Amino acid sequence: MWAVVNADTDEPLEPPSEFIIKVQDINDNPPQFIEGPYRASVPEMSAVGTPVTRVTATDADDPVYGNSAKLIYSILEGQPYFSVDPNSATIKIALHGMDREMREEYLVVIQAKDMGGHSGGLSGTTTVTVTLTDINDNPPKFSKSLYEFTIPEDLPIGKMGGKVKANDRDIGDNAKSTYNIIEGDDQGMFEIITDSQTQEGILRLKKPLDYETRRAYTLKVEATNVRSEPGSGGPFRDTATVKIVVDDSDEPPIFSKPVYSLEVNENAPINTVIGMVAARDPDSTGSQVRYFIDRHTDMERQFNINADDGKITLAKPLDRETDMWHNITVTAMEISRAIVAIRVMDINDNAPEFANEYEAFLCENGKPGQVIQTVSAVDKDDPVQGHSFNYRLVPEMLNNPNFTIKKNPDNSISVVAKHDAFRRQKQEMYFLPIIVTDNGNPPMSSTNTLTIRVCGCSSDGTVLSCNVEAYVLPIGLSMGALIAILACIILLLVIVVLFVTLRRHKNEPLIIKDDEDVRENIIRYDDEGGGEEDTEAFDIATLQNPDGINGYLPRKDIKPDLQFMPRAGQHSGPNGVDVDEFINVRLHEADNDPTAPPYDSIQIYGYEGRGSIAGSLSSLETASSDSDQNYDYLREWGPRFRRLGELYSVGERDL
């Protein structure tokens with residue numbers, strides 16, 4: 001809508017006007033085959049004009065305006081086999097007699113062009129893969145017209161005597177054929193079957209051959225297709241001739257039946273006649289036949305046979321539960337064999353019992369009526385009417401306050417808890433004896449005990465632990481885990497003790513013991529002190545050697561690797577020494593001394609102090625030499641100083 005308004009007052013000066021703008025389409029979009037490429041199939045030998053498939057192209061241009069969206073279809077590749085309708089895009093058969101056996105697949109290229117197919121129009125293409133499907137248009141054909149086979153007269157019944165093959169160029173079900181004997185087998189001696197894998201005809205013996213009766217057979221075999229096409233007049237067929245020559249053999253005695261089935265009760269007495277077998281010699285001589293049991297099939301020698309008349313008797317007692325069937329082989333004199341299957345009849349001589357070694361688990365937090373265990377029974381006997389078991393608790397457990405049993409439809413029972421007051425501390429395990437009785441005649445029964453363990457469970461019923469000792473353990477830790485933790489703690493304690501012991505040995509001072517290096521570190525003070533209030537009784541200056549205050553006294557407890565510069569002595573007045581400063585200085589010197597060992601060492605002071613009536617006992621750092629000293633007075637000090645006097649006396653004599 002458009003309107004003219006006053007710019008100052010915003011009032012319309014004329015009524016609104018409506019304008020319609022129409023965008024005119026141009027041909028700017030080519031046709032497109034959205035669903036391409038295509039695949040299609042058509043039966044072989046289809047008539048000309050048979051539709052194969054239909055393709056569809058779309059054009060985004062306006063189909064109303066002009067010819068921009070008017071499409072025309074044409075075939076670019078695929079002639080002369082196929083054609084396409086220009087308007088409907090239907091692809092059709094264009095050539096008669098297209099045979100799949102000659103060529104099975106074709107590629108067709110279809111073009112769609114807009115503007116009605118005129119020049120200047122846009123186009124698009126797609127491909128269509130056309131496959132010819134098979135029809136039954138080829139008959140089966142034998143590879144030979146005459147087959148010859150030689151078959152021994154003692155060939156077992158059902159065994160193969162030869163093979164024939166009819167080939168078919170078709171595929172799948174169209175190539176399948178069946179074989180039949182249509183002539184030459186009036187007595188029904190042979191049969192022919194089809195091998196589903198190879199499509200061969202297998203010629204088998206249906207009745208025993210006898211060289212003395214007939215020595216050759218000529219058969220006519222026909223192969224017929226399984227499927228046929230409508231209007232073809234029936235399935236395709238082909239025939240061939242099969243000539244069979246019977247080969248003479250030394251024939252063994254022939255049993256009257258290939259398999260004998262006999263029955264005997266398991267409680268039959270010894271020498272009971274179970275049954276009889278019979279064989280004859282087919283040869284013209286008609287020799288007498290004698291019978292034997294192949295002991296490889298009767299290792300336990302359970303049966304005997306009369307060699308003259310073929311009567312089979314019982315040699316040892318039978319037990320159906322041990323062996324239900326006895327398959328023995330009876331041999332005639334001419335090595336003719338027959339299988340005798342003896343079935344042992346069942347009597348009810350076994351009691352039912354639990355199917356498994358059941359062990360049930362009951363949660364402490366379970367609910368009354370909870371099914372603890374489903375129990376079923378088995379019976380070695382095999383009654384004709386099937387098994388039916390009756391379950392009941394032993395008489396002394398009929399009023400069991402803890403558990404009861406409930407019969408299920410499937411010939412089993414469910415053991416149910418009566419209350420929820422089960423605790424491992426009270427009783428960890430319960431034994432529930434159950435009597436199981438079968439339905440035999442006479443009925444057999446047995447008592448089986450179900451073991452029920454009381455366990456600790458999670459909230460969802462998962463069993464966590466069934467041991468009483470596990471109840472007092474922390475949740476999540478088993479006894480094995482606690483033992484492992486305790487072993488680790490003990491191992492750590494042993495390591496700590498060894499470490500401390502080694503450090504203690506390592507920190508022992510290495511004191512050099514040398515007979516030639518004798519020192520006396522005796523410090524004697526004749527001032528006894530006046531207690532805590534006596535601040536004038538002790539003077540730290542007495543610890544300082546006034547004779548070596550500016551000198552350097554080397555340490556003799558270790559041999560220094562580096563020559564360290566002498567430390568300057570501290571000057572202090574006789575009564576004004578700062579003890580704290582003195583100790584800090586000595587500590588600083590010891591920490592910065594590279595010759596100091598890492599272990600504790602004895603600090604040696606050569607000065608013994610002054611003012612003592614007895615004087616100094618040490619000769620270290622004195623002005624006089626050892627030769628000027630007389631140490632005889634040491635002997636007068638008593639036995640404690642005798643050794644010291646001897647040492648110094650020895651030194652004087654050495655000088």
Side-chain angles (χ1 to χ4, degrees), residues 263-270 272 300 302 314 316-327 342-364 366-422 424 426-455 461 463 466-468:
E263 293 182 351
V264 61
N265 291 328
E266 62 178 328
N267 58 351
I270 304 299
T272 299
E300 302 295 331
Q302 198 81 50
L314 186 63
K316 291 182 180 181
L318 297 172
D319 185 6
R320 194 204 69 86
E321 285 70 38
T322 303
D323 287 305
M324 182 177 177
W325 287 91
H326 297 268
N327 296 318
I342 301 174
R343 180 182 179 184
V344 180
M345 303 302 293
D346 182 50
I347 64 172
N348 191 32
D349 58 346
N350 291 276
E353 58 186 11
F354 280 176
N356 296 295
E357 294 286 341
Y358 292 106
E359 184 177 13
F361 299 96
L362 173 62
C363 294
E364 290 181 317
K367 298 179 180 180
Q370 175 184 357
V371 176
I372 303 172
Q373 180 71 46
T374 300
V375 177
S376 60
V378 293
D379 194 329
K380 294 181 180 179
D381 294 321
D382 187 16
V384 177
Q385 66 275 19
H387 290 293
S388 178
F389 301 119
N390 179 38
Y391 302 85
R392 69 181 187 275
L393 298 177
V394 295
E396 56 269 21
M397 298 289 288
L398 290 178
N399 296 322
N400 190 306
N402 299 314
F403 307 101
T404 185
I405 60 175
K406 180 179 66 175
K407 187 170 180 60
N408 299 324
D410 60 350
N411 216 15
S412 65
I413 60 170
S414 297
V415 180
V416 180
K418 285 187 174 182
H419 58 83
D420 59 353
F422 296 96
R424 282 178 288 174
K426 181 179 178 181
Q427 186 171 347
E428 179 186 4
M429 189 177 300
Y430 293 86
F431 299 99
L432 186 64
I434 301 174
I435 300 175
V436 187
T437 306
D438 61 17
N439 59 337
N441 186 21
M444 304 288 291
S445 63
S446 67
T447 302
N448 302 262
T449 302
L450 176 64
T451 303
I452 303 174
R453 290 182 176 272
V454 181
C455 304
V463 176
C466 296
N467 299 325
V468 176

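Treat the numbers as computed from the prediction; the structure is a model and nothing was measured.
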Exercise for review: With side-chain contact (heavy atoms from CB on, under 4.5 Å) as the test, would you mind laying out the steps for Val415 and Val375 before giving the verdict?
Suggested key: CA-CA 8 Å; Val415 180; Val375 177; 4.2 Å; yes
Review point. After noting the C-alpha distance and the side-chain angles of Phe403 and Phe422, does the key distance pass the ring pair (Phe, Tyr, Trp, His ring centres under 6.0 Å) rule?
Key: CA-CA 11 Å; Phe403 307 101; Phe422 296 96; 5.3 Å; yes
Practice item. Kindly determine whether Asn348 and Met444 satisfy side-chain contact (heavy atoms from CB on, under 4.5 Å), including the steps that lead there. Key: CA-CA 8 Å; Asn348 191 32; Met444 304 288 291; 3.5 Å; yes
**Study point:** side-chain contact (heavy atoms from CB on, under 4.5 Å) between Val454 and Met429, intermediate numbers included
**Key:** CA-CA 6 Å; Val454 181; Met429 189 177 300; over 6 Å; no
Practice item. Step by step, work out the side-chain contact (heavy atoms from CB on, under 4.5 Å) result for Glu266 and Asp349. Key: CA-CA 10 Å; Glu266 62 178 328; Asp349 58 346; 3.7 Å; yes
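Put simply, CD on Glu300 and OG1 on Thr322 are 10.0 Å apart, with the number rounded to the nearest 0.5 Å. Here Phe431 contributes atom CZ and Ile452 contributes atom CD1; the two are 10.0 Å apart, rounded to the nearest 0.5 Å. Here CG of Leu393 is found 4.5 Å from CD1 of Ile405. Values are rounded to the nearest 0.5 Å. Of the inter-residue distances, the one linking Ser445 atom OG with Asn390 atom CG reads 9.5 Å to the nearest 0.5 angstrom. Distance check: Tyr391 OH to Asn408 CG gives 9.0 Å after rounding to the nearest 0.5 Å. Atom NZ of Lys407 sits about 8.5 Å away from atom CD1 of Ile413, to the nearest 0.5 Å.
Side-chain contact of Asn439 with His387: a donor-acceptor pair under 3.5 Å is absent, judged by distance alone.
The two residues Ile372 and Val416 have their closest heavy-atom pair at CD1-C, 4.3 Å. Minimum heavy-atom separation, His326 to Val344: CD2-CG2, 3.6 Å. The heavy-atom pair separating Asp420 from Pro368 by the smallest distance is CB-CD, 3.9 Å. Nearest heavy-atom pair, Asn265 versus Met345, reported as atom, atom and distance to 0.1 Å: OD1-CB, 3.5 Å. The two residues His419 and Asn402 make their nearest non-hydrogen contact at NE2-OD1, 2.8 Å. Shown here for Ser414 and Thr374, the closest heavy-atom pair between the two residues is OG-OG1, 3.9 Å.
The salt bridge (Lys or Arg N to Asp or Glu O under 4.0 Å) search around Glu359 returns Arg453, not counting sequence neighbours.
Side-chain atoms of Asn448 never come within 3.5 Å of backbone atoms of Val436 as a donor-acceptor pair (strictly under, hydrogens ignored). In this structure, Glu353 contributes its side chain and Val378 its backbone to no donor-acceptor pair below 3.5 Å. For the pair Thr447 (side chain) and Ile435 (backbone), a donor-acceptor distance under 3.5 Å is absent. Of the possible polar contacts, one joining the Asp319 side chain to the Glu321 backbone as a donor-acceptor pair under 3.5 Å is found.
Heavy-atom neighbours of Lys418 NZ from other residues, nucleotides or ligands within 6.0 Å: above the threshold of 12. Applying the 6.0 Å contact sphere to NZ of Lys380 captures no more than 12 heavy atoms from other residues, nucleotides or ligands. Within a 6.0 Å sphere centred on CG of Asn399, heavy atoms belonging to other residues, nucleotides or ligands number 12 at most. The environment of CD in Glu357 is sparse: at most 12 heavy-atom neighbours from other residues, nucleotides or ligands sit within 6.0 Å.
Between Asp346 and Arg320, at least one side-chain nitrogen of the basic residue sits less than 4.0 Å from a carboxylate oxygen of the acidic one, meeting the salt-bridge criterion.
Sulfur atoms SG of Cys455 and Cys363 are positioned 2.5 Å or more apart.
Note on ring orientation: taking the six-membered ring where Trp is involved, the planes of Tyr358 and Phe354 are perpendicular (angle over 60°, cut-offs 30° and 60°).
Checked against Asn350 for a side chain to side chain donor-acceptor pair (under 3.5 Å), the options Asp438, Asp382, Asp381 give a single hit: Asp381.
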